[in-house]
Every structure is written in C-alpha cells, then in structure tokens.
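Here the structure is laid out as structure tokens; the discussion comes afterwards.
Protein chains get the first letters and strands the later ones, always in sequence-line order, with residue 1 at the start of each.
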Amino acid sequence: MAELEKDSRSSSEAGTPSNFIRNKIAQDLASNKHEGRVHTRFPPEPNGYLHIGHAKSICLNFSVAAENGGLCNLRFDDTNPAKESQEYVDAIKDNINWLGFHWNDEVRYSSGYFERLYDFAVQLIEKGLAYVDSLSAEQAREYRGSLTEPGTNSPDRERSIEENLDLFARMRAGEFEDGNYSLRAKIDMASPNINMRDPVLYRIRHIAHHQTGKEWCIYPTYDYTHCISDAIENITHSLCTLEFEDHRPLYDWILHNLDIASLSNVSDLEGQAINYVLPEQTEFAKLKLNYTMMGKRNLKEMVDTGVIEGWDDPRMPTLAGMRRRGFTARSIRNFCESVGVSRSESVVDMSMLEHAIRDDLDKSAPRAMCVLNPLRVTLVNLEPEHREILSLQNHPKEESMGRREVPFTREIYIDRADFEEEPPAGFKRLIPEGEVRLRGSYVIKCTEVIKGADGEISELKCTVDKDTLGKKPEGRKVKGVVHWVSTTEGVKATVRLYDRLFNVENPESKEIEDYRDCLNPTSLIELTECVVEPSVFAESDSENFQFEREGYFCIDRKDSTETNPVFNRTITLRDSWSS
RNA sequence: UGGGGUGUCGCCAAGUGGUAAGGCACAAGGUUUUGAUCCUUGCAUUCGUUGGUUCGAAUCCAGCCACCCCAGCCA
C-alpha cells in the first residue's frame, strides 16, 4: 500500500514530471473523492490578450485534465464589463485553439450564470448572511480597518432580511445609481484576513455588458462569482495563482453557506448519478520571465501608447506576438512543461524559452539560405551564363523532409560578415587568398577584393574549385562553410531581426521609475536588402525556416506582400563563436 | 507591528525520515559541408540560518533571518 502511494506521487518515470498539483490529483483519485472525475477550467477575464504566463495556466489545466481522462472548460470570468470586450474574447479563444487545446463543449461565461448567481445572493440574504450596504466605496475603506487594526461594522449590517431583500431587488431593478448601494457578505469585520471583512458581492454598474447587453445593472464580484461558477460546472480542481490564496477562505465560505442541494440542482451534472462534491481551490506560482514585462496593465499601455506595434508585435510576450514571431505552439507547450509547477515564486530565465523554440525548430524547420547583408561575389572561372541546379537536403538529419533545388550562378551574394581582410584569430570564414566552402556547393578561393570610392568593399572575385562538389578538396582542409544566394535568382526580402524588448532583467521592478527607460533600442532591426533563395516560396507548408547559420525565421503573413516578402527572426542559432 | 505564503547548484525543479533526480546555463573534449545539431564528460559532502529529536534529517520540532501577497464596489 505504501508502495502504491509512492508510485502515485511521482510520475517522473512515465515522462511527465511530478508536481504538487499532479500529486494532489493522484491522491484525490486514489481516495475516490470525485468518483474518478477530474474537471478543471481555464478562467480568463477578457480584458486583454493572453500572454506566456497564461500559457502556463492553460497547459496546466488542460493537460492535467487530459492526463486523467478529464475535461477542461473555458470560462470567461466576465464580471467587470467596464474593462472587457468581445475583441478580447475572440482573441483568447483563438489563442487557446492555436496552442492546441480543446475545451469541453461550448464556451462558458460567468455572465451566463448571472440569474443563478442572483438567486444564490437572495439565498444568502434570507439566511442573514448578506446585507445591502449604503456605505460609499470610500467609507467602506475606512470601515475596513487596516492590516493591523480590525474593521468596524457598517451601520447597515443589521438591516432586516425583508429590507435587504427589497433593496437588493430594487438594486437589480435599476432604482439606484452606481455606488449608492452594494451587497455585502456578513462575515467578520475583525477578521485578520481582510478578504473576510464583509466583502462586496454585488455592485451597481449602469453599463452594458459584452455578453448580456443591458440586461443587468448590478454585477457580481469575482470572489462571489468564481466559486459558484466552479460549483455550477462541477469543477473538481480549481487551479489559480498564489495571490488568491487569501481568498480561499471566502471561496469556501460562500460555497459552504449555500444550500448544497440548490447548488447541485443547477449544476451541469444535475440529474446524473454522481455524488455532488464542492470544488476545491489550489494555488500555484504564476510564471515570471526575466527581461519581460507581464503585467496586463503595462502591456495594454505599451499597445495604447505605441511603444510597440500592437498586441501581436513579435516582441510582445503575448501568444499573438509570439506566434507572429515564429514560436510554435509545441515549443510553448514544451516550455510550460519544462518550467514546472510549484508554489515558490520564481523567475524563469529567458534561455529556457529560447531553448524550447530552438529545440523544436531544429527538428521541424526546413533549412534554406538567406543573405542578410549581401556582398557580391563573382566566380571568375565560370561562364557568364553558368547556371547549375543543386539539390540540397531540407534537413541535415531528416531525409524524409525532402530536398530542394537551389540555383548556382556565376554571381552570388555572401554575407559581409563572412569576409574579413584582416581576420581576427580563429576566423573560419573567407579571407583574401583563402578558401571557404559554399554551403551545399563548391569550395571557392578569394583572389581579388574590389573596393568602391569610399573604401568599402564592393565585390569579391573568387575562383571555384570545380572538383569539390559533394567531395572534399584534395590535399588540404577547408575550415569554413558560408551560405550564399544567387544574385540573379535570389529574391529580395525584408528581414526583421528581433531581440529582447528590455535590457534589464526586471522591467517591472520597483527600482525602475519608468519601464520606457529600459527599452532595448535595438529590439528591432529591419533589413530591407536581404536576398533569400527562391525555394522558400515554393508551395511549402512551412511557415518556419532555418536560414542556415543565421537563425530561425518565419514569414510575416501580416506584412508580406507579393513583391516584398517579410521574414521575422524568431531566434538566432546558438553561437559559440559570437562575432 | 495583523494574516497568508515561500526559501534545494547562476536559473527552473524533483525530493514527503534512509544518506541530494532532471532540464536550462556554463566548461572541456569528439563528430560535422550550418562556428548549428548530435555525442561524451564535468558542474550542491549539501538543501535560508541556529539549535533540538533520531542510529540516521532537505524531509520532524523550536527559534531566528530574507523575500512575496493582502487594506478595489479589479480579477
């Protein structure tokens, strides 16, 4: 028995890393707490775009359900219409699908439960556990006390049940203005947990809601709504982040003070032969990434003030931005799995994310060549009309990824960084009188350096060793390999080189007055004279490529045009030389 | 100074009384027509700290220290 318990605790041998949430679910399953059910939910508020931090929660909730044959709902926690919109609802749904997850039947909305929520509020009032308060928000703050001092009861706290019922009905009917009344739970104004000092359950807001329109002028608060929504959806494990830990007593208080049969009766599984069990909240640490800002308020501000180009700017940590940057859904899922789930607040190093995308793209991205900063090279011992079609493997290790045709001509481009007149020690690229391998092609030797009037190198004359295609040259070793593109058949393209948006580890640190002071001035470098091999535009089904020796790039579908393709650099290759 | 949490390698993170997994990063070799990938090796005598219990402690107990969260009619 002890052996069995230990096995259920650690699933690391099975490939899925052990964490305290998986362990807890395994224990709940072992004790048959929910009759074998595992039902989670991802509950975003549609007040912004999803970011990589949300991805951690999405992966956790959906994976943990799937691993146990359970379900995961998508529920919009839309109780604050002032900040929410349909645009965000749509973007969030889209992002979750893109990430590769499928929610249990139709999308849920907390607003879909407004009527039931109202009924439960009436129930609390009838039980003498909630009252209508006329304190203003400001007064309520004063009555609440402080961290070290208990609060004091509102003068309205002992209002009669009848009067509370009447007032609450009139709140709903729209008889009062915003802020004039609120419905509060009657708990304990002296509680050391401030969340228990008669928290507000309903507030008056004469404002339209993106889902319910003008049907309501009172809206329930998060604390009141979330637990009941979980209960209605028969959620077994309600996973949320650490800052809600203090709210758990309230979550439990609300649910335990409602008649369990009435909860069960309006739940999704009503009528099915299951033993109705209340959901339980478990908290985990949210994801933090260095060199990244994750606060929704700040992200929204960057969008609104044009610091970046929008929610899907490839420098944004949003899923929309990362997608446009070229991150694959799988790499994000792998990353989320690799950072683990714990209760210690940690800051994950950017290199972990970079590893995840390189790891995925190395295996999946077809190779191609693109010259970022072109330098003309004339191969003098080839005929002017020389044209040879070379067949290159799309992936050095994966033959199943096929081959492509690359035209080789008398004039080609190589990258300016691959030639040095005065090379530093250890330089393995082209130098005067030196040899280098053209990737997938011949070995060439530089015989002449041509400079323009400004002293800049304008062209290289080289000779081709015609006996080196697919074989090593005889009697010598060629140390370097360089990528190239035909000048006549290459396609001109714009390439955007992205780098981290911030140059400090924690742009949201209190020590920093304004994150704008920490913006990386070279987070985007746009190159407009790049030349890419034509095969990239063949009916390839890939959006992602490795431009050999440069990095991973993807086609920017938003800005590319028929005549001017745009590529975004997802991430550079690892570089142990770093020039 | 109230309450709730967290402290295991530079960064994540397993570990739940039997003698410190793994990944990232880093370093050194090997392979290589990508200075990539891949492979091999190295990388915590020690788990915030001080005591205690125990044959045995990262794991149990007590004190201390550091950091995070909470005083929205935001979520």
- line: In 5'-to-3' order, the base (B), backbone-only (S) or no-contact (-) status of each nucleotide in nucleotides 65-75 of chain B, using a 4.0 angstrom heavy-atom cut-off, is ---BBBBSBSB

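- The gap from the P atom of B:C43 to that of B:A28 amounts to 16 Å, rounded to the nearest Å.
- Whole-Å rounding puts the A:Phe335 CZ to B:C11 C1' distance at 11 Å.
- Look at B:C60: its Watson-Crick or wobble partner, with both distances under 3.5 angstrom, is B:G52.
- No side-chain donor from either of A:Arg367 and A:His483 sits under 3.5 Å from a side-chain acceptor of the other.
- Of the residues listed (A:Asp198, A:Asp133, A:Asp188), the one engaging A:Arg157 in a salt bridge (charged side-chain N to carboxylate O under 4.0 Å, His left out) is A:Asp198, and it is the only one.
- Regarding contacts with the backbone of B:G15, a side-chain N or O of A:Asn23 is found under 4.0 angstrom from either OP1 or OP2.
- Atom CG of A:Asn19 and atom C1' of B:C12 are 13 Å apart (whole Å).
- Spacing of C1' atoms, B:C60 relative to B:C55, comes out at 16 Å, to the nearest Å.
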message: Does A:Glu87 form a side-chain contact (heavy atoms from CB on, under 4.5 Å) with A:Tyr49? I'd like the steps, not just the answer.
response: CA-CA 9 Å; A:Glu87 178 200 351; A:Tyr49 277 59; 2.9 Å; yes

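- Using C1' as the reference atom, B:G15 and B:A20 are 8 Å apart when rounded to the nearest Å.
- Between the C1' atoms of B:C11 and B:G17, the separation comes to 29 Å (whole Å).
- Between B:G42 and B:C9, the distance separating the two C1' atoms is 13 Å to the nearest Å.
- Of the options A:Tyr202, A:Phe114, A:Tyr224, a ring pair (Phe, Tyr, Trp, His ring centres under 6.0 Å) to A:Tyr219 is made by A:Phe114 and by none of the others.
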statement: Counting primed atoms, P, OP1 and OP2 as sugar-phosphate and everything else as base, the B/S/- map of nucleotides 28-41 of chain B against protein heavy atoms under 4.0 Å is -----BBBSBS---

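- Nucleotide B:G72 is shown with a syn base, its glycosidic torsion being within 90° of 0.
- Annotation: B:U37 and B:C74 have their C1' atoms spaced 48 Å apart (nearest Å).
- Partners of A:Ser182 according to the side-chain hydrogen bond (donor to acceptor under 3.5 Å, both in side chains) rule, which considers only residues two or more places apart in sequence or in another chain, do not exist here.
- Judged by distance alone, the side chains of A:Glu548 and A:Gln546 never bring a donor and an acceptor atom under 3.5 Å apart.
- Atom CD of A:Glu388 has more than 12 heavy atoms from other residues, nucleotides or ligands within 6.0 Å.
- In this structure, a donor-acceptor pair under 3.5 Å is present between the side chains of A:Asp230 and A:Tyr251.
- Pairing for B:C67 is with B:G5, a Watson-Crick or G-U wobble pair whose two hydrogen-bonding atom distances lie under 3.5 Å.
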Sub-3.5 Å pairs of nitrogen or oxygen atoms, protein against nucleotides 22-24 of chain B:
unit_1 : atom_1 : unit_2   : atom_2 : d
B:C24  : O2'    : A:Ser351 : OG     : 2.8

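- Figure legend: cation-pi geometry between A:Arg500 and A:Tyr291, with NZ or CZ positioned under 6.0 Å from the six-membered ring centre and within 45° of its axis.
- In this structure A:Val478 satisfies the side-chain contact (heavy atoms from CB on, under 4.5 Å) test together with A:Glu435, A:Arg437, A:Val443, A:Pro473, sequence neighbours excluded.
- Here A:Asn193 pairs with A:Ser191, A:Asn195, A:Met196, A:Asp246, A:Pro249 under the side-chain contact (heavy atoms from CB on, under 4.5 Å) rule; sequence neighbours left out.
- Going from the P atom of B:A14 to that of B:G23 covers 15 Å, rounded to whole Å.
- Atom CZ in A:Arg22 sits roughly 18 Å away from atom P in B:U16 (whole-Å rounding).
- No hydrogens or angles considered: a donor-acceptor pair under 3.5 Å links the side chains of A:Glu533 and A:Ser535.
- One atom, CZ of A:Phe284, and another, P of B:G5, lie 17 Å apart when rounded to the nearest Å.
- In this model, no donor atom of one side chain and acceptor atom of the other lie less than 3.5 Å apart for A:Ser346 and A:Ser344.
- Nucleotides B:G72 and B:A62, compared at atom P, are 34 Å apart to the nearest Å.
- Pair check for B:G17 finds none; no Watson-Crick or G-U wobble contact set falls under 3.5 Å.
- Under the Watson-Crick and G-U wobble criteria, each requiring two contacts below 3.5 Å, nucleotide B:A25 is left unpaired.
- Nucleic acid contact for A:Val443: none, since no nucleic acid atom lies under 4.0 Å from a heavy atom of the residue.
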